[in-house]
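Below is one structure, written out as structure tokens, with a few remarks after it.
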There are 2 protein chains.
Amino acid sequence: MESAPATRSLGSAGHTPAQTRVIEAALALFAEHGISGTSLQMIADAIGVTKAAVYHQYNTKDAIVVAVAEVVLTGLESAVTAAEAERRRTRSREVLVDGMIELAVEQRHVAGILQQDPVMLRFLREHEPFRRVIERVNRVLMGGACDPRATVLAAAISGAIAGAVTHPLVAELDDASLYLQLRRHVGRLLPRQ
Amino acid sequence: MESAPATRSLGSAGHTPAQTRVIEAALALFAEHGISGTSLQMIADAIGVTKAAVYHQYNTKDAIVVAVAEVVLTGLESAVTAAEAERRRTRSREVLVDGMIELAVEQRHVAGILQQDPVMLRFLREHEPFRRVIERVNRVLMGGACDPRATVLAAAISGAIAGAVTHPLVAELDDASLYLQLRRHVGRLLPRQ
DNA sequence: GTCTATAAATCGATAGAC
DNA sequence: GTCTATCGATTTATAGAC
């Protein structure tokens, strides 16, 4: 029997096979060329269909970007939900950081686009469901404080994780080593509990 | 009297006023919309001239990207040159990290595009003078080692700095606080000397 | 150094057949 | 669900006058 599905504020479920093909092709191309640098023609070519077929699934390019964002953010939402279930704030942050590292390593080839692409950042700011997830993540990372020290710490943690897994230096490192070393280094960033 | 100009492998000197206007406008637009998301028309509009006038200064868009990269990388090259002058490896890394933080805070609104934009990353890989600077930075950050621990550490330091200064959380923080807090947090990342 | 004008290709997006 | 065909706007880039 399945475990009860976590309450989702992001509707990433219910994709037809054709939609899934679009999302996966777009994800790979966005990561390599950026969102602005990816045309619908490139997505269509990658799938092996025409532009019109892509438009039948998502009738604007923005809709594709939102669908891609939902897929990537779903994991982050689960991680922050698990973290928020912890009672102690320091423990909560540890759980979230560990989840973020695991996700970032899993999705290392696409992690960059979510956190750095200007088009994606615009959606993260303006699309309400996305902003809520980001705000929950930041709140946990800041550990209840809101002073400059906590703010920069949260930014540095996010940046270190996203920046490290997408850094050219670690391109040839295996997932397990990257995960272990990243846990170790980012762990040093966290204040002693 | 002026101090002797540091040996430059990046030819960022010798810009005409018109070229400087192009570079500065491009820098701001690249940072906001990404490189692919910035057209020559947008650059021309920002300066207040026509596209043809822009093309008279740089006859391809790629040439503008290279010129922008040179300007931004010049600071990094000075920082790594200063760091390499130190005798002890741990001290060398400290000097470089401090220089990188200073540069990143100064250029916080454009720092992201250099380290994360897919088009810029392609130039950093393929343009030989750029790659040499990046390699020198990485060598100092890794402190003489080349194991997974040192590799991920170097990636995490770069990522933490670039990621932190461009993070939306710190957008409203003043430069001085950002610099101080970032030094503190990234300092914890460095192994005890 | 800047302009007008234009070329050739590609962009996102739509209509309608199958 | 995919196709052909097309639209209008925009893209990079060039030619030639001032």
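Residue numbers start from 1 in every chain, and the chains themselves are labelled A, B, ... in the order their sequence lines are given, proteins ahead of strands.
The residue among A:Ala52 and A:Ser36 whose nearest nucleotide of DNA chain C lies closer to the 5′ end is A:Ser36.
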- From CA spacing to verdict: salt bridge (charged side-chain N to carboxylate O under 4.0 Å, His left out), B:Glu86, B:Arg93: CA-CA 9 Å; B:Glu86 297 289 336; B:Arg93 173 159 54 191; over 6 Å; no
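In this entry the distance linking CD of B:Gln57 with C1' of D:dA13 reads 16 Å, nearest Å. The CD1-C1' distance, from B:Ile43 to D:dT12, rounds to 12 Å in whole Å. In this structure, B:Ile64 places its CD1 atom 12 Å from C1' of D:dA13, rounding to the nearest Å. In this structure, B:Tyr55 atom OH and D:dT14 atom C1' are separated by 9 Å, rounded to whole Å.
Remark: the backbone N or O of B:Ile43 is not paired with any side-chain donor or acceptor of B:Lys51 at under 3.5 angstrom. Between the side chain of A:Thr20 and the main chain of A:Thr16, a donor-acceptor pair closer than 3.5 Å is present. Of the possible donor and acceptor atoms, none in the side chain of A:Arg125 sits under 3.5 Å from a partner among the backbone N and O of A:Met120. A donor-acceptor pair is defined here as one N or O able to donate and one able to accept, closer than 3.5 Å; no such pair exists between the side chain of A:Arg108 and the backbone of A:Thr166. Checked by atom type and distance alone, the side chain of A:Arg131 never pairs as donor or acceptor with a backbone atom of A:Leu124 at under 3.5 Å.
Judged by distance alone, the side chains of A:Ser92 and A:Arg87 never bring a donor and an acceptor atom under 3.5 Å apart. A:Asp98 and A:Tyr179 form a side-chain donor-acceptor contact under 3.5 Å, judged by distance and modelled atom types alone.
Contacts between chain A and DNA chain C, taken as any atom within less than 4.0 angstrom of a protein heavy atom, begin and end at C:dC11 to C:dA15.
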Can you name the atoms? Protein N/O to nucleotides 7-11 of chain D N/O, anything below 3.5 Å, with the distance.
from	atom 1	to	atom 2	distance (Å)
D:dT11	OP1	B:Ser39	OG	3.4

